[in-house]
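Taking it in order: structure first as structure tokens, then the write-up.
Both ligands and their constituent atoms are indexed starting at 1 by order of listing. Here the structure is a predicted model, which means the values were calculated and not measured.
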Amino acid sequence: MDGLESGRINLQGLVQQWLNWDKNEKTKKEIADLAQDLEKNGKELEKRLLQRMEFGTAGLRARMGAGNSMMNDLTIVQTAQGLVQFVLKDKPEVRQKGIVFGFDGRYNSDKWAKISAAVCINEGIPVYLFSKTCPTPYVPFSIKYFGATCGVMVTASHNPKDDNGYKVYWENGAQIVSPIDKGISQSIAENLQPLGTSWDISEVESSPLCKDPYSEAMEGYNKALNSLCLHRDTNGSSTLKIVYTAMHGVGYPYVQEAFKAFGLPQPIPVDEQVVPDPEFPTVKYPNPEEGKGALLLATKKADSVGSPVIIANDPDADRLAVAEKLPNGEWKIFSGNEIGALLGSWLWACFQKKNSGVPASDVYMIASTETLTGFKWMGNKADELEKKGKTVLFAFEEAIGFMCGTNVLDKDGVSAAAVMAEFANQLYAQNLTLEKQLEAIYTKYGYHLSSNSYFICHDPPTISRMFDELRNMGGQGKYPDSCGPYKIQSVRDLTVGYDSSKADKKPVLPVSKSSQMITFTFENGCVATLRTSGTEPKIKYYTEHKPDPSKGLDRAGAERELEDIVNKIRQHFFQPEKFGLIPRPDA
Ligand SMILES: O=P([O-])(O)O[C@H]1O[C@H](COP(=O)(O)O)[C@@H](O)[C@H](O)[C@H]1O
Ligand SMILES: [Mg+2]
């Protein structure tokens, strides 16, 4: 029997298994229809059935549809069964402590949180199942607050409306990393056969094992916010108008409560975008990271009410975007790195005021250059430091993720919104602005310029070819030693575990074979990283360049040089025409 033939039999077996197992008529029909014409749809069926979703940067995340590689009722039943069996073995105390389940406003999120809860209840495990949509950070908060064993948030954050996802948090309140994620995946593979009882969600909420954590979590969360609020005395008399958008997601009622907890006047909502809507009707991408397009309605609203500051959450309210009206009337949308610098310096200044005796060496801020990409790494790093008695003030990443304090061991757009509002208030009361404050930070610490973007590619083998070519661009088995006229000093490849700058050629950060990530350090000091996204079909790049006046490079010169380097990287390293990569669309 040739490979093709055996592949087909395998595929037919998988189709049959799907049809036997799936109880959702819609997704079952999807596979049945495709299977009508195996010649025509073989490739599509292989894509859907041969592979399962894997835990990436932020849990499972995929398109909703029929098949093992997609988010649907059956894969959720299987995931929950695997998770529950793993937890029962690894943490038998879960029978007393329970599991937290939250969900966003996307299609199916509510149902999939309930299916997961049903799988727990059937095993006698108590659940804290939110009765309403909640921000992602409420799940990690609730795990610690109620002393639960773990938690799940059903969300695909800011992804396109056809996607959904499953974020898993462990008992420390941080997202799972290896080896737990591997253990859960293994357990899912061992518990694929859906139990008849796993599909029935009719009695979940009336079960004595099911508790709605909504009110208590809300109260506990806002009490805990106290530790981040410094100016309640003056917040109430603030005259600064702040416009807020939830990007059709879950954030608004929670941000309102957080502002109350800070004693701040309420933000002015972008009415069309503050109620959860799975269609995300007013934006092309519900991603405040995409800049002007995503914030169009917010800037309109702010212009009409005379507000100089906009605060935005992504749809699951773990990210924060900030924009400010410049004196020339244009809106500046701050990058994640800029917001990171602003919030970091603010939290540090506040901390010093409150804790004059604590040595700076015991106080930490975390950025994703010290860990692999993803808040799951930073959340666990923060936990590790706290367990050593250190204070973790702040963690942030370029992708507009901010963790102020450690009430939540993940990025939290709700607390960050309140902290940012208090901070902006203080600045405006002194006739300052966020932009002016950022300039002051640059003057003190030096300019850090960056230019980040991505290409879209839907075909993982093409992405592998692109990266492999890059690994051999300087000759067989050799990385390139330049990009256009720019000489490369060192290369770090975290996919294969190589760092030319280290004596033993081993990188300090862990190797992650399942994702691509190469960092080039140029002789002129510019650093560029190319990596595959773990949540979207994107190849991202990040660059940073610092002007060095001693080398005659002022800010404008460094800006020009960075732009040129980025163009060369796009052209020579990505080779978009050759690999059919799609440039970032206009938002
Ligand atoms: O999407 P969210 O808000 O859940 O955020 C998640 O995905 C982001 C993008 O990851 P990637 O570059 O691999 O796509 C990460 O930066 C973030 O830490 C993670 O929590
Ligand atoms: Mg998010």
Side-chain angles (χ1 to χ4, degrees), residues 54-62 102-106 109 133-140 152-160 163-169 174-177 181 246-251 254 276 280 285-290 294 312-321 335-337 339-340 366-382 395-403 408-414 416-417 452-457 460 463 494-495 512 514-517 529-542 584:
E54 281 174 21
F55 288 100
T57 327
L60 304 175
R61 203 172 286 184
F103 55 90
D104 69 8
R106 285 176 184 264
S109 296
T133 58
C134 74
T136 292
Y138 263 63
V139 169
V152 172
M153 176 74 190
V154 184
T155 178
S157 184
H158 61 280
N159 280 38
D163 288 1
N164 215 328
Y166 205 79
K167 282 189 181 176
V168 182
Y169 296 82
Q175 279 188 65
I176 53 164
V177 287
D181 54 0
M247 212 52 67
H248 299 295
V250 303
Y254 298 88
F280 306 106
Y285 305 100
N287 184 0
E289 230 187 332
E290 294 288 350
N313 283 140
D314 69 340
D316 64 328
D318 58 356
R319 299 181 182 209
L320 174 87
S335 72
N337 288 338
I339 302 172
I366 306 171
S368 50
T369 41
E370 289 116 25
T371 66
L372 287 177
T373 315
F375 244 96
K376 61 181 184 185
W377 301 107
M378 287 192 278
N380 281 291
K381 176 61 94 188
F396 94 97
E397 61 176 7
E398 173 272 347
I400 56 173
F402 312 98
M403 178 184 100
V408 169
L409 287 181
D410 197 359
K411 62 182 142 73
D412 180 351
V414 177
N452 308 334
S453 191
Y454 58 81
F455 284 95
I456 296 171
C457 179
I463 298 181
L494 288 177
T495 311
S512 175
S514 56
S515 55
Q516 303 279 0
M517 178 160 173
T529 296
L530 281 67
R531 65 176 276 275
T532 42
S533 158
T535 63
E536 290 168 293
K538 292 178 180 173
I539 316 172
K540 297 184 171 180
Y541 63 83
Y542 313 81
R584 173 183 180 155

For this session: Output all residues satisfying salt bridge (Lys or Arg N to Asp or Glu O under 4.0 Å) with Lys538, sequence neighbours left out; order by chain, then residue number.
Result: Glu290, Glu536
Exercise. If waters are left out, how many protein N/O/S atoms lie within less than 2.8 Å of the Mg ion (ligand 2)?
Worked result: 4
Exercise. How would you list, by chain and number, every residue that makes a ring pair (Phe, Tyr, Trp, His ring centres under 6.0 Å) with Phe280, sequence neighbours excluded?
Worked result: none
Exercise. Do Ser109 and Asn164 have side-chain atoms, one donor and one acceptor, less than 3.5 Å apart?
Worked result: yes
Problem set entry | Pairing of Glu370 and Lys381 as salt bridge, 4.0 angstrom limit | no
Problem set entry | Asp104 to Ala156 - nearest heavy-atom pair and separation | OD2-N, 3.5 Å
Exercise. Charged N to carboxylate O below 4.0 Å: is that the case for Lys167 and Asp318?
Worked result: yes
Exercise. Any idea which heavy atoms bring Glu289 and Arg584 closest together, and the distance?
Worked result: O-NH2, 3.7 Å
Exercise. If you take all heavy atoms of Pro140 and Thr136, which pair is closest and at what distance?
Worked result: CD-O, 2.9 Å
Exercise. Taking any residue with a non-hydrogen atom under 4.0 angstrom from an atom of ligand 1, which ones do you get?
Worked result: Thr57, Ala58, Arg61, Ser157, His158, Lys167, Asp314, Asp318, Arg319, Gly374, Phe375, Glu397, Ala399, Lys411, Arg531, Ser533, Gly534, Thr535, Lys540
Seminar exercise, completed: Of all heavy-atom pairs linking Pro135 and Ala317, the shortest is CB-CB, 3.8 Å
